[in-house]
Amino acid sequence: MTRLISHWKGLLPLLFAVGCLTCASAAETNIIHVNAQQAQQLVTQKKVVVLDVRTPKEFAGGHIAGATNINFRSPDFAKVISTLDTHKTYLVHCASGGRSTQSLPTFQKLEFKHIYHLDGGIQSWEKAGLPVTK
């Protein structure tokens, strides 16, 4: 009996580690960085919800059609993000990519499943000649 207990006792850390790895991988956020053309395809094919994390003033100056504005600099940013459906796929961007990159840990912490990040932000979108709406 003692030998059997010793055997299982040695396996417990391994079983625990495998269980933790399984739990961690289930909660991981899949983040894919895309350029403006790739982002446009996702938007055109209606595969993403566009989240613009710039200020409302920046958003009013021009944004991707259908985008939702959630200000990254707002003190309740995480609270607002937490109300979104974590199973939907989002395209996140800001002006040039800085704030949206900083926002990614919030999406990870809240266990969003699929995030696309528009590298270079709306500036790269406009530089590619893609349309914005006001």
inquiry  = According to ring pair (Phe, Tyr, Trp, His ring centres under 6.0 Å), who are the partners of His63, at least two apart in sequence or on a separate chain?
reply    =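 With neighbours one apart ignored, the set is Phe59.
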
For [Y], is there any backbone N or O sitting under 3.5 Å from a side-chain donor or acceptor partner on [X]?
{"X": "Trp125", "Y": "Ile64", "result": "no"}
{"X": "Asn35", "Y": "Gln38", "result": "yes"}
{"X": "Ser124", "Y": "Ala36", "result": "no"}
{"X": "Lys113", "Y": "Glu111", "result": "yes"}
{"X": "Ser103", "Y": "Ser100", "result": "yes"}
{"X": "Asn69", "Y": "Asp52", "result": "yes"}

query = Which heavy atom in Val132 sits nearest to a heavy atom in Gly62, and how many Å separate them?
reply =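 That closest heavy-atom pairing would be CB-C, 4.2 Å.
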
query = Which pair of heavy atoms, one from Lys134 and one from Gly61, lies closest together, and at what distance?
reply =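 Looks like CE-O, 3.0 Å.
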
Nearest 0.5 Å, please: how far is [atom2] in [Y] from [atom1] in [X]?
{"X": "His117", "Y": "His93", "atom1": "NE2", "atom2": "NE2", "value": "9.5 Å"}
{"X": "Leu110", "Y": "Thr86", "atom1": "CG", "atom2": "OG1", "value": "8.5 Å"}
{"X": "Thr106", "Y": "Ile70", "atom1": "OG1", "atom2": "CD1", "value": "11.0 Å"}
{"X": "Asp119", "Y": "Thr101", "atom1": "CG", "atom2": "OG1", "value": "6.5 Å"}
{"X": "Tyr90", "Y": "His114", "atom1": "OH", "atom2": "NE2", "value": "11.5 Å"}
{"X": "His33", "Y": "Ile115", "atom1": "NE2", "atom2": "CD1", "value": "11.0 Å"}

Are [Y] and [X] connected in a single hydrophobic cluster, I mean Ile/Leu/Val/Met/Phe/Trp/Tyr linked by side-chain heavy atoms less than 4.5 Å apart?
{"X": "Phe77", "Y": "Ile31", "result": "yes"}
{"X": "Ile122", "Y": "Val48", "result": "yes"}
{"X": "Val49", "Y": "Val53", "result": "yes"}
{"X": "Ile32", "Y": "Val43", "result": "yes"}
{"X": "Val92", "Y": "Leu84", "result": "yes"}

query = So, do Val34 and Leu91 sit near enough that their side-chain heavy atoms are less than 4.5 Å apart?
reply =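 Val34 vs Leu91: side chains touch.
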
request  = Report yes or no: do Glu58 and Thr55 form a side-chain donor-acceptor pair below 3.5 Å?
outcome  =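 A pair is found: one side chain offers a donor N or O, the other an acceptor, under 3.5 Å apart.
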
request  = Mind running side-chain contact (heavy atoms from CB on, under 4.5 Å) on Gln102 and Arg73 for me, showing each step along the way?
outcome  = CA-CA 10 Å; Gln102 291 175 35; Arg73 298 283 183 224; 3.8 Å; yes

ask   = Take atom CZ in Phe107; do more than 12 heavy atoms of anything else shown fall under 6.0 Å from it?
value =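 For Phe107, atom CZ is crowded (more than 12 foreign heavy atoms under 6.0 Å).
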
